[in-house]
Amino acid sequence: MKDSKNNSKLIDRETLLLEPVFIDKVKTRIVTTHGTYYAKESPLELLEDACNRFASTFEGRVKATRKLMNYSVKTPLLIEPNGLGAFPTMSYRRVECVWIFNHPFYVDELDNGKSLVHFMNGISVPVHTSKNVLLKQHQRLHTSLNIYSMNHRNK
């Protein structure tokens with residue numbers, strides 16, 4: 001269990017997911033390709049700081065993606081539109097929302113709307129979301145990243 005002083009810098013292309021936790025002062029578990037970290041900031045605070053590093057805000061990124069893609073709920077977040085993004089497993093306003101980043105994964109459906117997300121590096125994480133929602137959200141994130149990238153190249 002690692003605790004980092006500058007946790008938003010852990011939000012990068014190596015981040016697999018952000019999961020809310022409620023243990024003492026710890027609010028977020030950050031799972032990356034190189035380890036698991038714990039942060040005192042909430043997932044939304046970490047995502048806000050990550051967006052700020054790329055000259056935007058969380059709300060600004062969500063609003064732009066909603067407009068570009070016509071997504072009204074569970075909008076993917078393009079933190080750095082040319083390659084770093086994440087999607088919420090449910091409304092980001094719900095405290096138990098997990099954010100999954102743009103890495104390949106496969107899903108095993110468990111029961112009662114729960115799934116097990118398996119990343120290619122062997123890390124598996126249970127989430128309270130159906131397999132169908134996870135796959136749809138994953139597709140929406142990659143579609144948003146691809147369209148933004150094409151629009152950016154064509155300018």
Side-chain angles (χ1 to χ4, degrees), residues 2 4-21 27-107 115-125 127-155:
K2 302 169 191 167
S4 176
K5 297 294 180 219
N6 195 352
N7 294 310
S8 73
K9 289 195 175 176
L10 291 170
I11 311 303
D12 61 18
R13 292 176 192 251
E14 303 301 316
T15 307
L16 297 172
L17 65 89
L18 300 180
E19 180 179 34
V21 294
K27 293 184 182 173
T28 305
R29 182 169 80 121
I30 305 166
V31 180
T32 73
T33 59
H34 49 79
T36 299
Y37 303 84
Y38 293 86
K40 294 177 183 173
E41 301 87 1
S42 71
L44 289 179
E45 290 169 326
L46 293 168
L47 291 168
E48 176 70 32
D49 290 347
C51 289
N52 292 168
R53 287 198 329 264
F54 295 101
S56 189
T57 64
F58 176 90
E59 286 297 331
R61 293 284 193 213
V62 169
K63 185 176 178 181
T65 302
R66 283 184 177 154
K67 185 173 182 178
L68 177 69
M69 301 301 299
N70 198 27
Y71 296 149
S72 59
V73 296
K74 292 188 262 187
T75 305
L77 177 66
L78 305 184
I79 297 164
E80 192 273 307
N82 286 314
L84 178 58
F87 66 83
T89 58
M90 58 188 63
S91 169
Y92 71 85
R93 289 182 171 87
R94 292 185 58 181
V95 70
E96 64 270 25
C97 176
V98 173
W99 287 85
I100 299 177
F101 285 69
N102 53 311
H103 287 271
F105 64 80
Y106 65 95
V107 181
S115 300
L116 191 59
V117 177
H118 303 278
F119 293 98
M120 298 302 136
N121 65 351
I123 293 174
S124 297
V125 179
V127 294
H128 292 278
T129 307
S130 73
K131 179 178 181 176
N132 287 340
V133 167
L134 289 168
L135 296 177
K136 178 180 177 182
Q137 287 296 95
H138 190 243
Q139 177 189 17
R140 289 172 76 180
L141 172 61
H142 284 278
T143 299
S144 300
L145 285 165
N146 289 338
I147 288 183
Y148 182 87
S149 182
M150 286 187 317
N151 287 348
H152 186 73
R153 276 195 307 266
N154 292 334
K155 287 188 178 188

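Model, not experiment: these values are computed from the prediction.
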**Q.** Heavy atoms of other groups near Asn70 CG, more than 12 under 6.0 Å
**A.** no
Q: Please work out which of the three classes, parallel, tilted or perpendicular, describes the rings of Trp99 and Phe58, given edges at 30° and 60°.
A: perpendicular
Q) Taking Ser56 for the side chain and Cys51 for the main chain, is one N or O donor matched with an acceptor at less than 3.5 Å? A) no
Q) Quick one: CE on Met69 to CG on Leu145, what's the gap to the nearest 0.5 Å? A) 9.5 Å
Q.
For the backbone of Ile79 and the side chain of Arg61, can you confirm whether one donor and one acceptor N or O come within less than 3.5 Å of each other?
A. yes
**Q.** Spacing of Glu96 atom CD and Ser91 atom OG [to the nearest 0.5 Å]
**A.** 9.0 Å
(Q) Using only atom types and a distance under 3.5 Å, with no angle test, would you say the side chain of Thr15 pairs donor to acceptor with the backbone of Ile30? (A) no
(Q) Would you say CD of Gln139 has more than 12 non-hydrogen atoms from neighbouring residues, nucleotides or ligands within 6.0 angstrom? (A) no
Q: Go through the structure and list residues passing ring pair (Phe, Tyr, Trp, His ring centres under 6.0 Å) with Tyr106, not counting sequence neighbours.
A: His118
Q: Please indicate whether Arg94 has more than 12 foreign heavy atoms, meaning atoms of other residues, nucleotides or ligands, lying under 6.0 Å from its CZ.
A: no
Q.
Looking at His103, I want to see if its NE2 is surrounded by more than 12 non-hydrogen atoms of other residues, nucleotides or ligands under 6.0 Å.
A. yes
Q | Thr33 versus Glu14, side-chain donor and acceptor atoms under 3.5 Å | A | yes
Q: Measure from the side-chain N and O atoms of Thr65 to the backbone N and O of Leu77, and report whether any donor-acceptor pair falls under 3.5 Å.
A: no
Q: State plainly whether the residues Arg53 and Glu80 are in salt-bridge range, i.e. N to O under 4.0 Å.
A: no
Q: Would you confirm whether Gln137, through its side chain, and Pro88, through its main-chain N or O, come within 3.5 Å as a donor-acceptor pair?
A: yes
Q: Could you pull out the closest heavy-atom pair between Met90 and His128, with the gap in Å?
A: CE-O, 3.7 Å
Q. Between Asn102 (side chain) and His142 (backbone), is there a donor-acceptor pair under 3.5 Å?
A. no
Q: Is it possible for you to check whether Arg140 lies under 6.0 Å from the centre of the six-membered ring of Phe87, through NZ or CZ, and within 45° of that ring's axis?
A: no
Q | Atom pair OG1 (Thr89) and CG (Leu18), whose distance is rounded to the nearest 0.5 Å | A | 11.0 Å
